[in-house]
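First comes the structure, then the notes that go with it.
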Amino acid sequence: QVQLVESGGGSVQAGGSLRLSCAASGFTYFVYFISCRGWFRQAPGKHREGGANMDSDGRTSYADSVKGRFTISQEYAKNTLYLQMNSVKPEDTAMYFCAARSYGGSCYNPWALSEYTYWGQGTQVTVSS
């Protein structure tokens with residue numbers, strides 16, 4: 001059974017940093033690291049939106065709202081995807097979700113929710129001013 005489990009959320013002051021983790025299990029090891037993977041977020045009353053994406057070849061892309069502040073990375077040995085969040089702002093407050101597609105190959109539309117097969121349960125990030 002495939003699972004994605006996020007951790008690392010919490011409360012932080014504006015200008016601070018957090019690192020979110022997404023631990024994957026149940027994937028064939030090979031498939032997870034050549035699939036389309038991403039971090040999304042959803043603030044209260046708003047739609048879920050993409051923040052960072054890693055393509056099957058390791059290329060990364062970022063939404064304008066987080067570009068230059070957030071970094072997506074992976075660690076093969078731990079089957080884990082990370083989101084390093086620096087210089088956080090109150091508008092970064094949201095529930096953060098990781099997502100992954102069930103098969104390998106390039107992302108078709110990395111910001112579309114329908115691109116992804118599996119989702120984690122989310123981890124809350126709250127940024128105070």
Side-chain angles (χ1 to χ4, degrees):
Q1 182 180 356
V2 170
Q3 277 193 312
L4 300 175
V5 179
E6 302 96 335
S7 61
S11 296
V12 61
Q13 287 194 323
S17 298
L18 277 177
R19 189 177 78 159
L20 307 184
S21 300
C22 173
S25 62
F27 281 90
T28 300
Y29 178 91
F30 178 76
V31 170
Y32 180 65
F33 285 107
I34 62 165
S35 70
C36 183
R37 289 149 293 151
W39 282 97
F40 287 73
R41 66 186 185 182
Q42 187 167 15
K46 295 191 175 181
H47 295 296
R48 192 170 296 190
E49 62 177 13
N53 170 267
M54 181 169 283
D55 209 330
S56 55
D57 60 359
R59 285 177 299 165
T60 58
S61 56
Y62 299 91
D64 288 342
S65 57
V66 307
K67 197 173 294 183
R69 300 187 298 120
F70 292 9
T71 304
I72 187 171
S73 63
Q74 61 187 358
E75 184 172 358
Y76 291 101
K78 294 185 177 181
N79 266 17
T80 298
L81 193 71
Y82 298 102
L83 184 68
Q84 178 67 43
M85 305 169 61
N86 297 330
S87 302
V88 296
K89 305 174 181 179
E91 51 264 43
D92 294 323
T93 295
M95 184 73 79
Y96 282 73
F97 301 88
C98 63
R101 202 174 60 191
S102 62
Y103 55 93
S106 297
C107 301
Y108 296 109
N109 183 350
W111 307 124
L113 303 185
S114 58
E115 177 80 21
Y116 302 92
T117 316
Y118 304 109
W119 293 83
Q121 82 290 348
T123 186
Q124 177 67 38
V125 172
T126 302
V127 183
S128 57
S129 57

Cluster link W119 to L4, ILVMFWY, side chain under 4.5 Å: no

When you look at S73 and Q84, which way does the side chain to side chain contact (heavy atoms under 4.5 Å, CB included) test go after all the steps? CA-CA 8 Å; S73 63; Q84 178 67 43; over 6 Å; no

State, to 0.1 Å, how close V5 and Q121 come at their nearest heavy-atom pair, and which atoms those are. CA-OE1, 3.8 Å

Pair D92, R69 - check side chain to side chain contact (heavy atoms under 4.5 Å, CB included), show working. CA-CA 11 Å; D92 294 323; R69 300 187 298 120; 2.7 Å; yes

Any chance you could measure C22, atom SG, to K78, atom NZ, to the nearest 0.5 Å? 14.0 Å

Heavy atoms only: give me the nearest S35-Y103 pair and the separation to one decimal. CB-O, 3.4 Å

Starting at CG of L81, measure out to CD1 of I72 and round the result to the nearest 0.5 Å. 4.5 Å

Enter the distance from S106:OG to I34:CD1 here, rounded to the nearest 0.5 Å. 10.0 Å

Do M95 and Y82 belong together in a cluster built from hydrophobic side chains that touch within less than 4.5 Å? no

Worked check of side chain to side chain contact (heavy atoms under 4.5 Å, CB included) between W39 and L20: CA-CA 10 Å; W39 282 97; L20 307 184; 3.7 Å; yes

Check whether D55 reaches the backbone of C107 with its side chain - one donor and one acceptor, N or O, closer than 3.5 Å. yes

Say whether E6 and Y96, considering side chains only, have a donor N or O and an acceptor N or O under 3.5 Å apart. no

Is there side-chain contact between N53 and C36, with heavy atoms separated by less than 4.5 Å? yes

Is the backbone of Y108 close enough, under 3.5 Å, to the side chain of E115 for a donor and an acceptor to pair up by distance? yes

Nearest heavy-atom pair of Y116 and P110: which atoms, and what distance? OH-O, 2.8 Å

On a heavy-atom basis, which atom in K46 and which in Q42 lie closest, and how many Å separate them? O-NE2, 3.1 Å

Spacing of CE belonging to M54 relative to OG1 belonging to T71, to within rounding of 0.5 Å: 10.0 Å

Distance col, row L83:CG vs C98:SG, nearest 0.5 angstrom, shows 10.0 Å

Side chain to side chain contact (heavy atoms under 4.5 Å, CB included) for R41 and V66? Distances and angles first, verdict last. CA-CA 11 Å; R41 66 186 185 182; V66 307; 3.9 Å; yes

I need the minimum non-hydrogen distance between A14 and S129, along with the two atoms involved. CB-CA, 4.3 Å

Test item: V88 and L18 side chains (from C-beta on) under 4.5 Å apart, heavy atoms: no

Value for OG (S7) from CZ (R19), rounded to nearest 0.5 Å, stands at 9.0 Å

Regarding R48 and the six-membered ring of F40, is the cationic atom NZ or CZ under 6.0 Å from the ring centre and inside 45° of its axis? no

Heavy-atom pair of closest approach, residues A43 and A94: N-CB, 3.8 Å

